[in-house]
Amino acid sequence: MNKVYEIYKNLYDFYGPQHWWPADNWFEVTVGAILTQNTSWNNVEKSIENLKQRDLLEPKKLSEIKENDLAQLIRSSGFYNLKSKRLKNFLEWLKKYNYDIDKIKDKSVTSLREELLNIKGIGKETADSILLYAFEMPIFVIDAYTKRMFLRLGLISGKEYDEFQDFFEKNLRRDVQLYNEYHALIVKHSKVYCKKMPKCSECFLKEKCKWGVNNL
DNA sequence: GTCCGGTTGT
DNA sequence: ACAACGGGAC
């Protein structure tokens, strides 16, 4: 059996399902994806709650409020002026589909990805998070955690986002639920053990990890 | 003081 | 390759 899927099974057996993305609906996922750029999820939750309590967490309502007001509402997420603008850019794109997820899903994952990447403030990771977790399309999300963990495991030597993405998509069956769970498990493991200062001696993957073996 | 479920402009 | 954007938690 291939090693990439084997790691997945190890992680799933150890941690169990992660229930990602934590949100009530697809739009909440997209807002969270933009707000969590280089920001801890804890701080994003406060912003989401803030918007919910004011009954503003809907595309049309967020489109109508002023950029500066939105910035203040999402203050806890950091980079709030930037992110307010980025949300507005995204909402402008959504408007072309009448804020209708069904119309969006009529398009192919390839063309949607291109459209998302053309929005200022949405890069590869955010685009892929939206495609996978909000639109439920089969695309593997790469982030700093994924790179760090799999470089340490010694399973990949590349450096670029696309190299990592190809690596996962070539070694796994094209499956939204699998991609969803795997990325979430990588984040979990990277927060608990495969941190910047890793806890190799306590890690259950140490025997099959280059970094871990060297740190025993 | 460090780190965070990044992206952009130089 | 590197600075800018930034609040909140530990």
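In what follows, every chain begins at residue 1, and chains take the letters A, B, ... in the order their sequences are listed.
- Ring geometry for A:Phe204 against A:Phe14 counts as parallel: the plane angle stays under 30°, on a 0 to 90° scale with 60° as the upper cut.
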For nucleotides 7-10 of chain C, give me every protein contact, N/O to N/O, under 3.5 Å, one pair per line with atom names.
| from | atom 1 | to | atom 2 | distance (Å) |
| --- | --- | --- | --- | --- |
| C:dG7 | OP1 | A:Tyr80 | OH | 3.2 |
| C:dG7 | N2 | A:Asn43 | ND2 | 2.7 |
| C:dG7 | N3 | A:Asn43 | ND2 | 3.4 |
| C:dG8 | O4' | A:Asn43 | OD1 | 3.2 |
| C:dG8 | O4' | A:Asn43 | ND2 | 3.1 |
| C:dA9 | OP1 | A:Lys46 | NZ | 3.1 |

Considering only nitrogen or oxygen atoms on both sides, find all protein atoms under 3.5 Å from nucleotides 8-10 of chain B and state each distance.
| from | atom 1 | to | atom 2 | distance (Å) |
| --- | --- | --- | --- | --- |
| B:dT8 | OP1 | A:Gly121 | N | 2.8 |

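- A heavy atom lying under 4.0 Å from DNA chain B marks the following residues of residues 126-137 of chain A, by number: A:Thr126.
- Applying the ring pair (Phe, Tyr, Trp, His ring centres under 6.0 Å) test to A:Tyr182 and every residue at least two apart in sequence or in another chain returns A:Tyr8, A:Phe140, A:Phe168.
- Remark: A:Lys191, A:Lys196 in residues 181-199 of chain A come within less than 4.0 Å of DNA chain B through at least one heavy atom.
- Contacts with DNA chain B (heavy atom under 4.0 Å) in residues 151-169 of chain A: none are found.
- The aromatic ring centres of A:Trp41 and A:Trp21 sit less than 6.0 Å apart.
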Counting only pairs under 3.5 Å, give me each side-chain donor-acceptor contact of residues 184-191 of chain A, with atom names and distances, residues two or more places apart or in other chains.
| from | atom 1 | to | atom 2 | distance (Å) |
| --- | --- | --- | --- | --- |
| A:His189 | ND1 | A:Tyr15 | OH | 2.7 |
| A:Ser190 | OG | A:Ile186 | O | 2.7 |

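- For A:Glu28, the salt bridge (charged side-chain N to carboxylate O under 4.0 Å, His left out) partners are A:Lys52, not counting sequence neighbours.
- For A:Tyr99, the ring pair (Phe, Tyr, Trp, His ring centres under 6.0 Å) test picks out no residue, with sequence neighbours left out.
- Looking at A:Lys83 and A:Thr39, their side chains do bring a donor and an acceptor atom within 3.5 Å of each other.
- A:Lys46 meets the side chain to side chain contact (heavy atoms under 4.5 Å, CB included) test with A:Asn42, A:Asn43, A:Ser76; sequence neighbours excluded.
- Contacts of A:Tyr80 classified as ring pair (Phe, Tyr, Trp, His ring centres under 6.0 Å), with partners at least two apart in sequence or in another chain: none.
- The C1' atoms of C:dC2 and B:dG5 are separated by 23 Å, rounded to the nearest whole Å.
- Distances were taken from every side-chain heavy atom of A:Asn81 (C-beta onward) to each of B:dC4, C:dG6, B:dG5; the shortest belongs to C:dG6.
- Think of A:Leu82 as one node in a network of Ile, Leu, Val, Met, Phe, Trp and Tyr side chains linked at under 4.5 Å; its network also takes in A:Phe79.
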> So A:Ser111 and A:Ser108, side-chain hydrogen bond (donor to acceptor under 3.5 Å, both in side chains) or not? Walk me through it.
Replying inline: CA-CA 5 Å; A:Ser111 56; A:Ser108 71; 2.9 Å; yes
